[in-house]
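All chains are named by letter (A, B, ...) in the order of the sequence lines, taking the proteins before the strands, and each is independently numbered beginning at 1.
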Number of protein chains: 2
Amino acid sequence: MSRLDRTLIADLAPFQGMHAADLDTMLGQARSMRIVKETAIFEQEGEAHSFFLLLDGHVRVVKTTPDGQQVIVRYISPGELLGIARALGRTTYPASAIAAVDCVALAWPSRLWSEFAAAFPSFGANTYKAVGARLQDAHARVIEMSTEQVDRRVAHALLKLIQQTGRKTEDGLLIDFPLSRQDIADMTGTTLHTVSRLMTVWEERGLVKSGRQKVTVVQPHKLLLLAEGHVDK
Amino acid sequence: MSRLDRTLIADLAPFQGMHAADLDTMLGQARSMRIVKETAIFEQEGEAHSFFLLLDGHVRVVKTTPDGQQVIVRYISPGELLGIARALGRTTYPASAIAAVDCVALAWPSRLWSEFAAAFPSFGANTYKAVGARLQDAHARVIEMSTEQVDRRVAHALLKLIQQTGRKTEDGLLIDFPLSRQDIADMTGTTLHTVSRLMTVWEERGLVKSGRQKVTVVQPHKLLLLAEGHVDK
DNA sequence: CGCAAAGTTGATTGCGATCAAGGGTGGTGG
DNA sequence: CCACCACCCTTGATCGCAATCAACTTTGCG
């Protein structure tokens, strides 16, 4: 049986400041798993039996309302923790996590979370720092939803994505996983129709290039100006 | 000089599970202060020199956008911590805190936060639990802003407030601090005009009673139905 | 090749913002 | 004590953004 090597995780944010031996201890209790595209890692309301570390791929975290509307809370990139319901004092997952592409992840039983946090203070502190960062993200999003028009919200969403996962191509910065108009709509509280029209206009203006489940930002700077409201639409 | 008595804080959520002696240690380093109505406890972007515990009164936490629009992030009730920027890994306050009425609070230098969290694990855990709860609140709010119409958002906001600070009166549940139409608008991402019209309709329907900076919810159950979308508007 | 999923585009509608005007009320200072 | 004024609230009229409704096109996959 192949053991997991600590270099797999040593450089990732959640494990900064930890001793090599402690990394091994954690890895020794991890189970590695692959998740095929468009399947769930965990489901909203489900028993929070495990927490995860994404090693490769991209995951979208989705909340579904009682009447079936979907909101994409965030996208997870490699190196980030997900499903840390226990750290938030929950016993069920507050959202579903769906693999946007084929993914590789590590999983630990939730029960171990408090053990790890206590035994490895750096790990606990890093996690809480991440929670703090997410709280600020969420607040920023509330402000955005309260005060900004659709076009600026969509621009912000795209900028956040290229910052997180932008891959340089000859055309500009490509968002590195399949992203539909509907997905963008679910991130920004609008409809696929409105997003489609925006993309058309922006493409004409040379700000972006996009196709089926694919978006490339050609002129991030101009998109930023638009997002910040410094230009006419 | 009068010392602060530990019974002042022993029963409050942030201090659950702490030893009496440790409470005294914390109190020994606290400074108690009064804040007059409509003045700031701290300002957005300001150096986060202190964190606070609200002992009496009500505080509104406000974010202001570069173009001057205001969003009320939350109201703080007695027994809650505020200004815990350091716990979120920040050195400046992410929002302003304004006393909605005359308030009494305890203040500690921010520097002590990590000391307390390390020395009194219960205190740290309680705080992080609170941060987790706020993260969930914020997410719920994003969902709300993304998927619900104005009337339902306003209904939810009022229900949250009466849950937090509702005081029983002969008419129903009174929100226990001055709350203007503009305030409600700033909580829900709408305008005072729309809120005013809603209140008028709801008053006619017997759901609420309201006046100058005063709101009483007469029929919480019916308001909940409206908030959940189970009835026609 | 056929079909389902994704995207485009036009037409229409309506919610809620904005613009505008006026009324009520509590607090303050003369 | 009263008058005035700032602040809060109400209500009407209009407008525009973006949702909705509808039809069609494109694209990739099995």
*Please tell me which of the listed nucleotides, C:dT9, C:dG16, D:dA13, lies nearest to the side chain of A:Ser196?*
C:dT9
*Using atom NE2 of B:His193 as one end and atom P of D:dT14 as the other, report the distance to the nearest whole Å.*
17 Å
_Using whole Å, what does the distance between atom C1' of nucleotide D:dA19 and atom CZ of A:Arg153 come to?_
12 Å
_Heavy-atom side-chain contact between B:Arg212 and B:Ser180 under 4.5 Å_ = no
*Please give, in whole Å, the distance from C:dA4 P to A:Glu38 CD?*
18 Å
Enumerate, atom names and distances included, each donor-acceptor pair closer than 3.5 Å involving a side-chain atom of residues 68-78 of chain A, sequence neighbours excluded.
| unit_1 | atom_1 | unit_2 | atom_2 | d |
| --- | --- | --- | --- | --- |
| A:Gln69 | NE2 | A:Asp67 | OD2 | 3.0 |
| A:Arg74 | NH2 | A:Glu80 | OE1 | 3.0 |
| A:Ser77 | OG | A:Gln164 | NE2 | 2.9 |

_Measuring only between side-chain heavy atoms, which start at C-beta, is A:His193 closer than 4.5 Å to A:Arg197?_
yes
_Carboxylate-amine/guanidinium contact B:Arg167 B:Asp176, below 4.0 Å_ = yes
*What class does the angle between the rings of A:Phe51 and A:Trp108 fall in, given that below 30° is parallel, 30 to 60° is tilted and above 60° is perpendicular?*
parallel
_Please verify the inter-ring angle class for B:Phe52 with B:Tyr93; under 30° counts as parallel, over 60° as perpendicular, anything in between as tilted._
tilted
*If you look at every heavy atom in A:Arg31 and A:Ser50, which pair is closest and at what distance?*
NH2-OG, 4.3 Å
*Give, ordered by number, those residues of residues 173-192 of chain B having at least one heavy-atom distance below 4.0 Å to an atom of DNA chain D; if nothing qualifies, reply none.*
B:Ser180, B:Arg181
*Which nucleotide in the list D:dA13, D:dA18, C:dG16 gets nearest to the side chain of B:Arg197?*
D:dA13
*asked:* If you take any heavy atom closer than 4.0 Å to DNA chain D, which residues from residues 212-219 of chain B end up in contact?
replied: B:Arg212, B:Gln213
*Take atom NZ of B:Lys37 and atom P of C:dG26, then tell me their distance rounded to the nearest Å.*
12 Å
_Going by the rule salt bridge (charged side-chain N to carboxylate O under 4.0 Å, His left out), which residues pair with B:Glu38 if we only count those two or more places apart in sequence or in a different chain?_
B:Arg60
*Do you know the tightest heavy-atom contact between B:Thr64 and B:Gln44?*
N-OE1, 2.9 Å
*Contact list for DNA chain C against residues 59-71 of chain A - heavy-atom distance below 4.0 Å*: none
*Round to a whole Å and report the spacing from CG of A:Leu198 to P of C:dT8.*
11 Å
*Distance-only polar pair, side chains of A:Gln136 and B:Arg90, donor-acceptor under 3.5 Å*: yes
*D:dT10 P sits how many Å from B:Met199 CE, rounded?*
8 Å
*Take atom CH2 of B:Trp202 and atom C1' of D:dT10, then tell me their distance rounded to the nearest Å.*
17 Å
*Length of the line joining A:Glu204:CD and C:dT8:C1', which is rounded to integer Å*: 12 Å
*Going by atom types alone, do B:Arg86 and B:Thr91 pair a side-chain donor with an acceptor below 3.5 Å?*
no
*Quick one: do the B:Thr169 and B:Asp171 side chains pair a donor with an acceptor below 3.5 Å?*
no
*Inter-end axis angle, the helix from C:dC1-D:dG30 to C:dG30-D:dC1, with every axis fitted to five base pairs (rounded, 10 degrees)*: 40°
*asked:* With a 4.5 Å cut-off on side-chain heavy atoms, are A:Met145 and A:Thr188 touching?
replied: no
*Would you call B:Met187 and B:Leu161 a side-chain contact if the rule is heavy atoms closer than 4.5 Å?*
yes
